[in-house]
Amino acid sequence: MAADLDRAHHFYGELFGWGFRPTRQGHGRYTIAYTEGGVPTVGIGASSPSAGVTLPVTWTTYFAADSADDVASRVQERGGTVAVGPLEFGSGRVAWAADPDGANFGVWEGDLTSAWWGERRPGAPVWLELRTRDAFEAALFYGQVFGWDTQGRERCDVRFEHDRVVLHIDGKAVAGLRGGAIEAAPDPNVRPRWRVYFCVKDVDEVAERAAELGGGVISLPADTPYGRVAALRDPEGGIFSVAAVRKGPADGDPGGGG
């Protein structure tokens, strides 16, 4: 969600080379960003006050659901909160929620365009990471809410790797959960939150370019077990990370996730 959609288009278009296509999705202006070759990668919208839903400038992780209503009920049963929805949103149904430690996420019931996931294509998201108070408690919450433990190990597999709990889907590592976040921290970078990592060829170059475009660098480029990463912000304060495009130490490891 962006306060100024045109400003977001300029920043991310220049930074990642995205193109944009308008689409009908909920209220207000909404676009799908796509990488080279026309592959859809993320959605960017401008919240409309008249819709009754005003979201902060932020990247939100959405989890797919067969029934947004069922997932919303499980969120509340397990100590989380549902802030908005489930409600009709474009071609599907959506809810915005938070886990027991306050990390926000979305629930999406509808069509998916996720064939690009985990392919390490420059400009595409390749890794999701939850910074939370206790990674194992968080894994229990999300596993029960989204049925990670009922879909069979051939579909979902949860492991402990590199000091984090890692979710594998169809053999690909797609998300990590790390402990140590502080709910009351004044710095939003260390509060419980989901963070998206975008693939880039050169982390240092992209971090420098983000600053030139009016954004900023939260965490300087650094090497991790998965490759070089950096935490950045856009001109409106939206936090995201970038990771160098490289093969992980084992097949299925993410291209970034420090």
Side-chain angles (χ1 to χ4, degrees), residues 1-5 8 23-32 42-112 114 125 128-135 137-148 167 174-179 181-196 233-234 236-241:
M1 278 296 171
D4 186 328
L5 195 57
T23 184
R24 297 180 63 85
Q25 195 75 285
H27 301 274
R29 296 176 62 199
Y30 194 90
T31 57
I32 298 296
V42 297
I44 302 180
S47 186
S48 172
S50 63
V53 180
T54 302
L55 298 178
V57 175
T58 186
W59 285 100
T60 300
T61 294
Y62 286 81
F63 294 92
D66 292 331
S67 169
D69 296 272
D70 290 347
V71 169
S73 295
R74 291 196 292 270
V75 167
Q76 294 171 320
E77 289 169 359
R78 288 158 177 80
T81 51
V82 178
V84 179
L87 51 78
E88 301 298 321
F89 193 83
S91 60
R93 286 171 56 75
V94 70
W96 287 282
D99 66 24
D101 287 323
N104 298 320
F105 62 94
V107 179
W108 172 255
E109 174 192 340
D111 294 334
L112 300 173
S114 58
L128 298 170
E129 188 155 282
L130 174 67
R131 304 293 176 90
T132 187
R133 179 183 54 80
D134 186 308
E137 286 188 11
L140 287 173
F141 171 81
Y142 287 98
Q144 292 169 352
V145 165
F146 292 106
W148 293 348
L167 170 66
V174 298
L177 296 81
R178 295 183 66 183
I182 303 171
E183 186 175 358
D187 181 358
N189 191 46
V190 296
R191 294 179 203 152
R193 66 180 300 124
W194 281 96
R195 180 177 294 170
V196 60
R233 63 170 175 80
D234 65 28
E236 295 184 328
I239 296 173
F240 63 101
S241 295

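Reckoned from all heavy atoms, side chains included, excluding hydrogens, waters and symmetry mates. The first residue in the sequence is number 1, and the count goes up from there.
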Could you grab the distance from atom CH2 of Trp148 to atom CZ of Phe63, nearest 0.5 Å is fine?
5.5 Å
Using the rule side chain to side chain contact (heavy atoms under 4.5 Å, CB included), only one of Leu167, Thr132, Leu130 pairs with Tyr142; which is it?
Leu130
Does Glu129 use its side chain to pair, donor to acceptor, with the backbone of Trp194 at less than 3.5 Å?
no
Heavy atoms only: give me the nearest Ala3-Val57 pair and the separation to one decimal.
N-CG2, 3.6 Å
Please assess Asp66 against Glu109 for the test side chain to side chain contact (heavy atoms under 4.5 Å, CB included), listing each intermediate value before the final yes or no.
CA-CA 6 Å; Asp66 292 331; Glu109 174 192 340; over 6 Å; no
Could you go through Val94 and Val107, starting from their C-alpha distance and side-chain angles, then the distance that decides it, and tell me whether this counts as side chain to side chain contact (heavy atoms under 4.5 Å, CB included)?
CA-CA 6 Å; Val94 70; Val107 179; over 6 Å; no
Nearest heavy-atom pair of Phe105 and Asp99: which atoms, and what distance?
CE2-N, 3.6 Å
Using a 4.5 Å cut-off on heavy atoms from C-beta on, say whether the side chain of Ile44 contacts that of Tyr30.
no
Could you state the interatomic distance from CZ (Arg74) to OG (Ser67), rounded to the nearest 0.5 Å?
7.5 Å
Atom CG of Asp101 and atom CZ of Arg131: how far apart are they, to the nearest 0.5 Å?
14.5 Å
Hey, mind stepping through Ile239 and Arg195 against side chain to side chain contact (heavy atoms under 4.5 Å, CB included) and telling me if it holds?
CA-CA 8 Å; Ile239 296 173; Arg195 180 177 294 170; 4.1 Å; yes
List in chain and number order the residues that pass salt bridge (charged side-chain N to carboxylate O under 4.0 Å, His left out) with Asp69, two or more places apart in sequence or in another chain; answer none if no residue qualifies.
Arg93
Would you give the length of the straight line joining atom OG1 of Thr58 to atom CD of Glu236, rounded to the nearest 0.5 angstrom?
11.5 Å
Across all chains, not counting sequence neighbours, the side-chain contact (heavy atoms from CB on, under 4.5 Å) partners of Asn104 are Ala98
Distance from Tyr62 atom OH to Leu128 atom CG, nearest 0.5 Å?
13.0 Å
Taking every heavy atom of Pro86 against every heavy atom of Ala68, the minimum-distance pair comes out as CG-O, 3.6 Å
